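Below you'll find the structure, written out as structure tokens, and then a few comments.
Keep in mind the model is a prediction, meaning the values are calculated, not measured. In what follows, chains carry the letters A, B, and so on, assigned in the order in which the sequence lines appear, proteins first and then strands, with residues in each chain numbered from 1.
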Amino acid sequence: MFKENRDTYRFKWQDLGDIEAGRPNLGPTTGVAVYRLMQYTLRDVLFKRYDPETASDTLREAGKVAGMEFCANVLDTSLDFSGFMADFQRNLKNFKVGILRIEKSDMEKMIFEMTISEDLDCSGLPMIEETICEYDEGFIAGVLRVYTGKEFHVREVDCWASGERTCRFSARLADKAAA
Amino acid sequence: MNERERSQLRALIEQLERVLRGDLTATPSLVSHCPEIALLSDLIMKLTRQLSDAQEFVSALSRGKLDAAPPQRNHLVAPFKQLQANLRHLTWQTQQIAAGDLNQRVDFLGEFSVAFNSLIDALREKAAVEAKVLYLSHHDPLTDLYNRGYFEEEMARAERGRRFPVSIMVADLDGLKKTNDTLGHAVGDRLIRAAAEVIRRSVRAEDVVARIGGDEFAVILPDTGMPATAGVLARLRENEAWFNRDSEEFQVHMSVGFASVEEGGSLREAMKLADERMYQDKFARKELNNRANGAGDGK
């Protein structure tokens with residue numbers, strides 16, 4: 001399942017394997033540095049092989065696949081929106097991904113604004129005057145896709161790496177964002 | 001360093017002293033042949049601008065303008081941006097609470113978090129008590145069926161509604177007094193609960209089943225005419241027989257009557273008619289019983 005050609009994404013949460021059985025001594029967690037080592041070397045290769053837009057889109061799309069699986073397997077999608085967001089918040093904290101805060105939610109227009117502080121991807125990075133959390137953008141879009149059944153366009157408007165110290169994301173329906 | 005450069009340096013020192021006194025008036029960069037002085041002047045000008053922007057943002061925040069746009073790429077305001085994010089999230093949480101969501105928790109504002117979470121706990125407790133009081137005011141504690149008060153409210157609601165024909169079924173539990181007298185009230189209570197369960201199993205979830213007296217039950221059946229209500233009665237008799245087949249402690253026997261009304265009819269009249277028919281059924285069952293046993297005491 002990992003190496004053959006494919007037209008559609010095949011990743012499933014179960015592909016993460018039985019971590020408990022596989023790591024009886026080291027356990028299920030690792031350091032942030034290790035995660036970033038993988039993400040930023042992969043990013044480096046993507047940006048070298050492709051143009052920046054393709055590389056960013058690739059990261060965003062991978063984040064979306066991850067977000068969809070995370071939502072389907074970890075979050076309680078039967079809750080109403082505020083209960084669901086509290087569950088999302090709790091799980092991001094438990095998994096030590098970041099501290100999520102909702103700043104605005106308009107359920108009619110499906111517009112959400114949220115911040116993630118102590119973000120796994122970027123908090124503490126050197127300043128580069130650019131937003132860098134494309135993977136997070138996709139991740140949030142994937143979570144919202146599974147919960148609402150609708151495609152979302154999520155963009156990072158503030159980022160630690162751009163000097164803002166808190167990542168802020170704006171999410172709106174994809175068809176509205178394109179209009 | 002020549003005299004002109006010394007003078008420029010003094011001007012820069014004065015500028016810094018003004019900044020420290022809180023005077024953030026913008027001053028133009030000095031033109032100097034000394035690159036260090038030019039750079040220092042430039043940096044003081046940038047610092048002054050950043051402090052001024054930060055002051056404007058923090059001041060807006062202190063006035064409660066939570067949507068104030070923070071100055072971009074300004075590290076001086078980083079903790080205040082975090083505070084702004086926290087306060088905006090808190091605002092959102094409060095809106096959710098106002099909409100009835102009591103699952104919000106705060107864990108990012110120190111002592112305030114403890115106070116806020118205590119407030120939520122108190123609100124949740126109050127909501128639970130209110131729900132319990134509401135439940136008790138509508139239900140019979142012995143059977144968990146609705147009580148007479150709620151039944152009458154529902155009857156009035158059904159009369160105003162559009163789900164006609166509506167039927168009313170009245171059931172009276174036979175032999176409760178005898179059970180209480182001979183086997184005790186605890187067994188009598190179990191008999192009442194068993195009869196309630198027989199009725200509940202025989203009707204739909206949307207029907208309103210109530211215990212309206214010590215041994216009396218009534219059901220409102222919306223969208224149900226006489227033939228369908230006869231079907232409900234047949235189901236009740238089946239469930240009664242099914243229960244009695246397995247019960248060793250006591251038998252459940254109920255006298256039942258029902259009546260239906262079309263739109264515009266009075267449910268109170270239907271209730272009265274169902275009650276009369278229930279007594280006819282009781283009388284007929286008693287007669288049958290007497291004939292079978294030679295003599296009997298019925299209720």
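Both the backbone and the side chain of B:Asn86 come within contact range of chain A, each with at least one heavy atom under 4.5 Å from a heavy atom of that chain. Heavy atoms of B:Pro71 lying under 4.5 Å from chain A belong exclusively to its backbone. For A:Asp158, the part sitting under 4.5 Å from any heavy atom of chain B is the side chain, from C-beta outward, and nothing else. A:Arg90 does not touch chain B: none of its heavy atoms, backbone or side chain, sits under 4.5 Å away.
A:Thr41 places none of its side-chain heavy atoms less than 4.5 Å from the side chain of A:Val45. The shortest distance between side-chain heavy atoms of B:Asn147 and B:His139 does not fall below 4.5 Å. Between A:Cys133 and A:Asp119 there is a side-chain heavy-atom pair separated by less than 4.5 Å.
Contacts of residues 87-98 of chain B with chain A at a heavy-atom distance below 4.5 Å involve B:Arg88, B:His89, B:Trp92, B:Gln96, listed in sequence order. At a heavy-atom separation below 4.5 angstrom, chain B is approached by A:Glu103, A:Lys104, A:Ser105, A:Glu113, A:Thr115, A:Ser117 within residues 103-118 of chain A. Of all residues in residues 18-36 of chain B, none places a non-hydrogen atom less than 4.5 angstrom from a non-hydrogen atom of chain A.
Within 6.0 Å of CZ on B:Arg235 lie more than 12 heavy atoms contributed by other residues, nucleotides or ligands. Atom CH2 of B:Trp242 has 12 or fewer heavy atoms from other residues, nucleotides or ligands within 6.0 Å.
With 3.5 Å as the limit, one finds no donor-acceptor pair spanning the side chains of A:Ser56 and A:Arg60. Side-chain atoms of B:Tyr150 and B:Asp140 form no donor-acceptor pair, as typed in the model, at a separation below 3.5 Å. Neither side chain, B:Asn117 nor B:Asp121, offers a donor N or O lying under 3.5 Å from an acceptor on the other. A donor atom on one side chain and an acceptor atom on the other are not found under 3.5 Å apart for A:Asp57 and A:Tyr50.
Put simply, of B:Asp101, B:Leu66, B:Asn103, B:Asn74, the one with the most heavy-atom pairs under 4.5 Å next to chain A is B:Asp101.
The pair A:Lys64-A:Glu61 does not count as a salt bridge, with every side-chain nitrogen at least 4.0 angstrom from each carboxylate oxygen.
Ring pair B:Tyr146/B:Phe151: centre-to-centre distance not below 6.0 Å. In this structure, A:Phe70 has its ring center closer than 6.0 angstrom to the ring center of A:Phe139.
Sorted by first and then second residue, the salt bridge (charged side-chain N to carboxylate O under 4.0 Å, His left out) pairs involving residues 30-55 of chain A (not counting sequence neighbours) are A:Arg43-A:Glu134.
Taking the six-membered ring where the residue is Trp, A:Phe88 and A:Phe84 present parallel rings, their angle staying beneath 30° rather than reaching 60°.
Smallest separation of non-hydrogen atoms from A:Gly163 and A:Met127: CA-SD, 3.0 Å.
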